[in-house]
Structures are given as C-alpha cells and as structure tokens.
Amino acid sequence: MSTRKSVRYKLPVNVFIDGHHCPVIDFSRTGAGLIKNEFDAKVNAEVEIIIVFPHKSGNEGWGVKGEIVRVDENKNFFAVDFVEDENFRKFFNEFIEYLRSENKLEMLKTR
C-alpha cells in the first residue's frame with residue numbers, strides 16, 4: 001500500500017506535458033493524476049510539464065520537470081511526480097491560500 005505525500009485537490013489548472021494537454025484528475029504540490037487520452041505515457045519517463053494556474057492577476061504558467069510514476073491503460077490514467085522546486089512550492093502554497101480565500105478550494109478524500 002502506498003501513502004500520499006501531499007494533500008490532493010481538484011484544481012482548475014491546465015497541464016501540458018511535452019505539448020499535450022492532459023486533463024487533471026487530482027493535483028498536489030508534489031504531483032498530479034492526469035487523464036492519458038492520446039499522450040503516450042511511459043513509467044519512469046522524465047517529462048517537461050507546463051501548468052497554467054488561473055490566479056488573481058490572470059493566468060500564470062509554471063514550467064516544472066517531472067517523472068511519470070504510474071500508468072493505468074484500462075482507466076486512461078497516469079500519475080506524475082514533480083521534481084521538488086522551492087519557488088514552485090512557495091507559489092503553490094500561495095495559490096492554495098488564494099483559492100481558499102475565494103471559497104474555490106476542493107480537497108479530495110484519500111485512501
């Protein structure tokens with residue numbers, strides 16, 4: 001059994017991996033669960049991730065590196081872990097506080 005490293009949220013963000021839009025299932029500071037669609041996700045692949053956050057000052061994009069850690073072809077799902085980055089961590093925490101202040105934050109129940 002695996003345990004979550006971070007709280008998971010349902011967030012209004014857009015995620016692009018290697019130029020492919022990957023709809024978000026859940027999102028945390030350390031990773032995301034994404035819908036695979038036509039993206040050819042491979043476990044252990046390193047990927048370039050662009051995340052677009054709708055923020056108080058408009059859309060804000062962040063580029064982070066990540067690794068695909070799980071793929072489920074039957075559920076059309078894959079999970080990616082983000083490479084830890086202090087600036088991204090600070091921005092993400094501020095973004096969560098912004099959503100909380102706007103009553104737009106939905107935390108997901110974990111196992």
Side-chain angles (χ1 to χ4, degrees):
M1 182 171 122
S2 64
T3 58
R4 301 260 188 219
K5 293 188 274 185
S6 298
V7 174
R8 296 280 175 170
Y9 302 96
K10 180 70 175 163
L11 295 181
V13 298
N14 285 296
V15 175
F16 299 87
I17 298 182
D18 295 339
H20 296 274
H21 180 253
C22 299
V24 176
I25 296 169
D26 61 21
F27 198 95
S28 76
R29 180 180 49 81
T30 59
L34 305 165
I35 296 173
K36 195 169 139 357
N37 287 343
E38 296 178 14
F39 178 67
D40 187 23
K42 302 287 185 204
V43 173
N44 298 324
E46 292 183 8
V47 291
E48 296 291 327
I49 305 166
I50 302 295
I51 308 162
V52 180
F53 295 87
H55 205 17
K56 57 188 166 194
S57 59
N59 286 336
E60 182 152 349
W62 278 82
V64 296
K65 294 188 183 294
E67 179 182 354
I68 296 173
V69 294
R70 192 166 28 130
V71 176
D72 187 326
E73 297 289 344
N74 294 329
K75 294 182 180 177
N76 197 33
F77 163 87
F78 72 105
V80 62
D81 278 351
F82 305 138
V83 173
E84 294 291 323
D85 177 286
E86 186 61 30
N87 291 327
F88 178 72
R89 182 178 308 135
K90 286 178 184 176
F91 171 78
F92 185 79
N93 290 337
E94 192 274 327
F95 179 69
I96 293 298
E97 286 306 313
Y98 162 70
L99 290 179
R100 190 172 281 127
S101 73
E102 298 286 314
N103 293 318
K104 296 180 180 177
L105 186 62
E106 181 183 345
M107 290 179 24
L108 299 174
K109 295 181 192 237
T110 58
R111 305 176 225 173

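It should be emphasised that the depicted structure is a prediction, and the values quoted were computed from it without experimental measurement. Positions are given from 1, in the same order as the sequence printed here.
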Which atoms form the tightest heavy-atom contact between [X] and [Y], and what is the distance?
{"X": "Ala41", "Y": "Val71", "answer": "O-CG2, 3.7 Å"}
{"X": "Phe27", "Y": "Val15", "answer": "CE1-CG2, 4.1 Å"}
{"X": "Ser28", "Y": "Phe82", "answer": "O-CE1, 3.5 Å"}

- Fit a plane to each ring of Phe88 and Phe53, take the angle between them on a 0 to 90° scale, and name the class: parallel (under 30°), tilted (30 to 60°) or perpendicular (over 60°).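 Correct class here is tilted.
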Give, for atom [atom1] of [X] and atom [atom2] of [Y], the distance between the pair rounded to the nearest 0.5 Å.
{"X": "Ile25", "Y": "Lys75", "atom1": "CD1", "atom2": "NZ", "result": "9.5 Å"}
{"X": "Ile51", "Y": "Leu11", "atom1": "CD1", "atom2": "CG", "result": "10.0 Å"}
{"X": "Phe92", "Y": "Thr30", "atom1": "CZ", "atom2": "OG1", "result": "8.5 Å"}
{"X": "Ser101", "Y": "Ile96", "atom1": "OG", "atom2": "CD1", "result": "11.0 Å"}
{"X": "Phe78", "Y": "Leu34", "atom1": "CZ", "atom2": "CG", "result": "4.5 Å"}
{"X": "Ile49", "Y": "Asp81", "atom1": "CD1", "atom2": "CG", "result": "9.0 Å"}

- Task: Kindly write out the residues that satisfy side chain to side chain contact (heavy atoms under 4.5 Å, CB included) with Glu102, not counting sequence neighbours, or none if the list is empty.
- Result: Tyr98, Lys104
- Who are the side chain to side chain contact (heavy atoms under 4.5 Å, CB included) partners of Pro12, not counting sequence neighbours?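 Listed in chain order: Pro54, Leu99.
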- Message: His21 vs Asn14, test: side chain to side chain contact (heavy atoms under 4.5 Å, CB included). Steps then yes/no.
- Response: CA-CA 7 Å; His21 180 253; Asn14 285 296; 3.0 Å; yes
Can you list the residues that meet the salt bridge (charged side-chain N to carboxylate O under 4.0 Å, His left out) rule with [X], with sequence neighbours excluded?
{"X": "Glu73", "value": "Lys36"}
{"X": "Lys90", "value": "none"}
{"X": "Arg89", "value": "Glu84, Glu86"}

May I ask you to decide if [Y]'s main-chain N or O and [X]'s side chain share a donor-acceptor pair within less than 3.5 Å?
{"X": "Asn37", "Y": "Phe39", "value": "no"}
{"X": "Asp26", "Y": "Gly33", "value": "yes"}
{"X": "Lys10", "Y": "Val24", "value": "yes"}

Using the test side chain to side chain donor-acceptor pair (under 3.5 Å), find all partners of [X] that sit at least two apart in sequence or belong to another chain.
{"X": "Asp72", "result": "none"}
{"X": "Asn44", "result": "none"}
{"X": "Asn93", "result": "none"}
{"X": "His55", "result": "Glu94"}

- Validation row: Val47, Val80 side chains within 4.5 angstrom (heavy atoms): yes
- Got Phe77 and Ile35 here, is their nearest side-chain heavy-atom distance under 4.5 Å?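 A side-chain contact under 4.5 Å is absent here.
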- Residue pairs passing the salt bridge (charged side-chain N to carboxylate O under 4.0 Å, His left out) test where at least one lies in residues 57-67, sequence neighbours excluded: Glu48-Lys65
- Item | Remaining members of hydrophobic cluster (4.5 Å side-chain criterion), Val52 |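 Phe16, Ile50, all in the cluster of Val52.
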- Steps toward side chain to side chain contact (heavy atoms under 4.5 Å, CB included) verdict (Val83, Val64): CA-CA 7 Å; Val83 173; Val64 296; over 6 Å; no
